[in-house]
Amino acid sequence: MLSLPWASPAALAQTATDPTTAGYWVELRDKAGVSFNPGTYFTAAAQLRRQRQHLPAADSSDFPVRPDYLRSVRQHADSVLLVSRWFNAVACRATPAQAAALAQLPGVRRVLPLAGAEMLPAACPAAAPSVSNRPISAADRQLARRQTRSLGADALRQAGLDGKGLRIAVFDVGFSGANRHAAFQELFQQKRVVATYDFARRTPDVFHGGGHGTEVLACLAGRLPDGTPLGLATGATYLLARTERMQREIYAEELDWLAAAEWADRNGADIINSSLGYTARRYFPEQMNGSSSLVARAASLAARKGMLVVSAAGNDGDNDDWRTVGTPADADSVLAVGGVDPETGLHLDFSAYGPTADRRLKPNVAAFGTVLTATPGGSYARVDGTSFSSPLVAGLAACAWQQQRGLTAMQLFSQLQQSATLYPYYDYAHGYGLPQAGRLPRPVATPPPTLDFVVLDSLLAVNIRPEALQPLPLYADSLSPQPEDTRRVPAVGREEPRPAGSTQAAAPREAGVVALPAANYLYWHVADARGVLRRYEVLEVSQRAILRIPRRTLQPGDVVRVYYLGATHSFPVL
């Protein structure tokens, strides 16, 4: 069942006395008798994408809605907002009396009121960029290099991979000034923006309105004046869609996202990057289950049609009333990307946490949540937000797909997860960590053991092996062992490392995997028999006797997993 936010029966009864028009979602019964030629509807790029992934040239969701049904809806509605092939539905404005008449039409299955609020960019408002023409500092240039190197830019450059041959659709609030910004000079000179559309104004011009899309696009295809890439897909082709209405029509953005997804499909997009999301202004956290929102269902359909959908996890991690990922990042087949601090490699406070309402892992992976990017007006600035983590990973995905064009979208999804720095370990702050080009496409080698589990009377102890990091003592002088220290089993999501004296950054154990600063961390979690985490934490290592878990806090069927220096160790609780 299509699950859209709609009014309660009581609200409908109240609406019936209101003569003004409102939004309605009209679901149609069938597509019987409709003719459809995929070869004339889809571009050549769209047809090739389906062929490569052994998908049918078309299915029933690609067929147009029945013309007679659409005519009847137009006759009985005030105006039509969207005609969706994928959902065989029409969004319209109508009076309550018109809506009642629509529900009685023979071609209509049901009529649902539309309700909601605007979709918001997943940028962190506390760190809005200053639009200025200040010189780019040495620290800025270093950040620009590190935001791509942290995902394996050096390995991609050596392999000659830059996303060439891939089509990436970017859905955003507007790309103000992008066509005039020096960061995109190469992109536009080579005519690699092949299609644009403003779904709010219904015009091809997207280079107005908000500048958030300009900042996101730069994290895919932008360059500094000296040629330093700001993203990894500098050779890809782009489709730019404006899907947010600045006048804040309360439900239109979700419809525009769906319309943009169908447009991207028709125009051959391989990847969709969506740095937008719905959260508390429209939904409750318990609705973040991958099926309650129209955009989540639309994103899932896009994945079924062979597109990889990459979405920002959202920026409500420090909002105690929400904290979880927004939608469409909650969809099962959407690659949700969280944000990490470039200085520590750990979760940024604002980056939204998982799991989903139905306890699935989110975010799936992570990338820098503080980046240097191009901003409207021709400048460059540091910005914060998972909005920018998402395109960094989407760029890596384009390069990986360039190298392995025979992969399906979901095979690529899986490879990106498996390439990440923490895999197979995971938590609800970092997902599987930062995906690494150096681990694609080859499988990750099993590293040597780095620690031991020791079962004591009342404790499960974890000790780092002496050979893993020789300079560390069994116990640091500044710490006394606390066998029943329940603070070492914190609330879910409280994964900040504990400073514990001097630390030593660990050298990476695997070639091609980038070590972030101060990377001497140990990650651990407790998962139940379904793989759902009850506890997880990151510890800064200063002694080999690193962790003691009271056995009374563990349950039969639990698995304790510990990640350290590239190795994941598991202890099943019997």
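Numbers here are sequence positions counted from 1.
- Shown here are the ring-ring contact (aromatic ring centres under 6.0 Å, His included) partners of Phe175, two or more places apart in sequence or in another chain: there are none.
- Scanning both residues, Leu151 and Pro435, for their nearest heavy atoms gives CD2-O, 3.4 Å.
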(request) Before giving the answer on side-chain hydrogen bond (donor to acceptor under 3.5 Å, both in side chains), spell out for Thr356 and Asp358 the whole-Å C-alpha distance, their side-chain angles and the decisive distance to 0.1 Å. (result) CA-CA 5 Å; Thr356 60; Asp358 54 339; 2.6 Å; yes
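- No hydrogens or angles considered: a donor-acceptor pair under 3.5 Å links the side chains of Gln404 and Gln415.
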(message) The test is side-chain hydrogen bond (donor to acceptor under 3.5 Å, both in side chains); show your working for Asn273 and Ser390 and say whether it passes.
(response) CA-CA 7 Å; Asn273 181 84; Ser390 180; 2.7 Å; yes
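- In the displayed structure, Phe188 atom CZ is contacted under 6.0 Å by more than 12 heavy atoms of other residues, nucleotides or ligands.
- The line from CD of Gln53 to CZ of Arg304 is 13.5 Å long, rounded to the nearest 0.5 Å.
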(request) Show your working on side-chain hydrogen bond (donor to acceptor under 3.5 Å, both in side chains) between Gln418 and Ser414 and close with a plain yes or no. (result) CA-CA 6 Å; Gln418 293 176 29; Ser414 179; 2.8 Å; yes
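- Note: Phe87 and Trp25 have perpendicular aromatic rings, judged against thresholds of 30 and 60 degrees for the angle between ring planes.
- For Arg85 and Glu262, the salt-bridge test fails: no basic side-chain N is under 4.0 Å from an acidic carboxylate O.
- Residue pairs meeting the side chain to side chain donor-acceptor pair (under 3.5 Å) criterion with at least one member in residues 31-45: none, sequence neighbours excluded.
- Note that CZ of Arg192 is 5.5 Å distant from CD of Glu186, once rounded to the nearest 0.5 Å.
- With sequence neighbours excluded, the residues forming a ring-ring contact (aromatic ring centres under 6.0 Å, His included) with Tyr426 are Tyr432, His525, listed by chain and number.
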(request) Step by step, work out the ring pair (Phe, Tyr, Trp, His ring centres under 6.0 Å) result for Tyr380 and His181. (result) CA-CA 10 Å; Tyr380 298 85; His181 201 297; 5.2 Å; yes
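- Using modelled atom types, one finds a donor on one side chain and an acceptor on the other under 3.5 Å when comparing Asn315 with Thr386.
- Rounding to the nearest 0.5 Å places CG of Leu255 at 11.5 Å from OG1 of Thr243.
- Within a 6.0 Å radius of CZ in Arg52, more than 12 heavy atoms belonging to other residues, nucleotides or ligands are found.
- Ser333 and Ser300 make their closest contact through OG-CA, 3.5 Å (heavy atoms, listed as atom of the first residue, atom of the second, distance).
- Judged as a side chain to side chain donor-acceptor pair (under 3.5 Å), the pairs with a partner in residues 65-75 (not counting sequence neighbours) are, in order, Asp30-Arg66, Asp30-Tyr69, Arg66-Asp68, Arg66-Tyr69.
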Distance-only donor-acceptor hits, side chain of residues 361-372, under 3.5 Å, sequence neighbours excluded:
from   : atom 1 : to     : atom 2 : distance (Å)
Lys362 : NZ     : Ala329 : O      : 3.2
Lys362 : NZ     : Ala331 : O      : 2.8
Lys362 : NZ     : Val334 : O      : 2.6
Lys362 : NZ     : Asn364 : OD1    : 3.1
Asn364 : OD1    : Ala336 : N      : 2.8
Asn364 : ND2    : Gln417 : OE1    : 3.0
Thr370 : OG1    : Asp384 : OD1    : 2.8

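- Checked options Phe199, Trp86, Trp257; the residue passing with Trp263 is Phe199 (criterion: ring pair (Phe, Tyr, Trp, His ring centres under 6.0 Å)).
- Under the 3.5 Å distance criterion, with hydrogens and angles disregarded, a donor-acceptor pair is assigned to the side chains of Asp59 and Ser61.
- Not counting sequence neighbours, the partners of Arg49 by the salt bridge (Lys or Arg N to Asp or Glu O under 4.0 Å) test are Asp265.
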